[in-house]
Structures are given as structure tokens and as C-alpha cells.
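Notes follow the structure.
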Amino acid sequence: MAFKTGVAERDEWSYAPGVGVGPLRFGMTVDEVIKSAQILGQTKISGCALDHAILSPTSKVEVHRRGVAPSAPAITTYGSQAAGQFCIAADAVHGPQAAYDGLPPVAHINARRRVP
């Protein structure tokens, strides 16, 4: 199933607490993340400096949608050699919708909030 927004059709991925989002699973190696993320688009890998021994060295994988002008990553993941993938972040605008138990995400805009 896919959600339609004003710009483009977006994939719907399922979210399972403690398991993963869509084809991405916690504990995957960087190579497994890249292979799984190729269904969405092009990947970019970079390193991160963290002060925690269990998480160092940490890799950051950004996935950009195919055919879309340069924009924010659709998905960003973080993982280490010791722990595997430990963070999956889907961009609210560019990434797939992450549904939980078939329920789409819900957003609330606070009308009282002042925007500069």
C-alpha cells in the first residue's frame, strides 16, 4: 500500500518495535543495510565520531530517493560493527510512511505555536 501526498507517491513500510522498519532490521551490518535500502534509492555512507566504546566506530547510511532532485535523505540509519544497526530514522517528508500495526502516522499541528 502507498500513501499519496501532494508531491509524489510514498511507500508504506511497517514498523515493528525492537525489530525494525520496512526491510531494515536492527542488528544488520552496514552491507545488509545498503542491500536492503537499494529498493528506495541511492545510499551514501559516512563515519560518525562517538565517545562510547561499544558504538565506535559508527557508520551513518543515508538513503536518497531515486529520480528526486537533491533533497534530504529519505532514510538515515546508524550502526556499529559491534552492535549492528541500532537506529533507523525515516524522514517525515521524503521518506516512506512507517505504519504501526496497519495504522498510518498521525501528526498534530499546534495552532498556538508561533513560527518565526
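Each residue takes its place number in the sequence, starting with 1. A quick note: this is a predicted structure, and the numbers were derived from the prediction, not measured.
In this structure, Arg65 and Ala74 approach most closely via the heavy-atom pair CG-CB, 4.0 Å. Looking at every heavy atom in both residues, Pro96 comes nearest to Ala90 through O-CB, 4.0 Å.
With sequence neighbours excluded, the residues forming a side-chain contact (heavy atoms from CB on, under 4.5 Å) with Ala72 are Asp91, His94, listed by chain and number. Lys60 meets the side-chain hydrogen bond (donor to acceptor under 3.5 Å, both in side chains) test with Glu62; sequence neighbours excluded. By the side-chain contact (heavy atoms from CB on, under 4.5 Å) test, Ser14 is found to be paired with no residue, residues two or more places apart in sequence or in another chain being considered.
Taking the six-membered ring for Trp and thresholds of 30 and 60 degrees, Tyr100 and Tyr15 have ring planes inclined between 30 and 60 degrees apart.
Side-chain contact between Ile88 and Trp13 is absent, with no heavy-atom pair separated by less than 4.5 Å. Proximity of Cys87 to Thr76: side-chain heavy atoms (C-beta onward) are nowhere separated by under 4.5 Å.
In the hydrophobic cluster analysis, where Ile, Leu, Val, Met, Phe, Trp and Tyr join through side-chain heavy atoms closer than 4.5 angstrom, Val33 is grouped apart from Val19.
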For residues 21-28, dump all side-chain donor-acceptor pairs below 3.5 Å to protein atoms at least two apart in sequence or in another chain.
unit_1, atom_1, unit_2, atom_2, d
Arg25, NH1, Gly22, O, 2.6
Arg25, NH2, Gly22, O, 3.3

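Taking CD1 from Ile75 and OG1 from Thr43, the interatomic distance works out to 12.5 Å, rounded to the nearest 0.5 Å.
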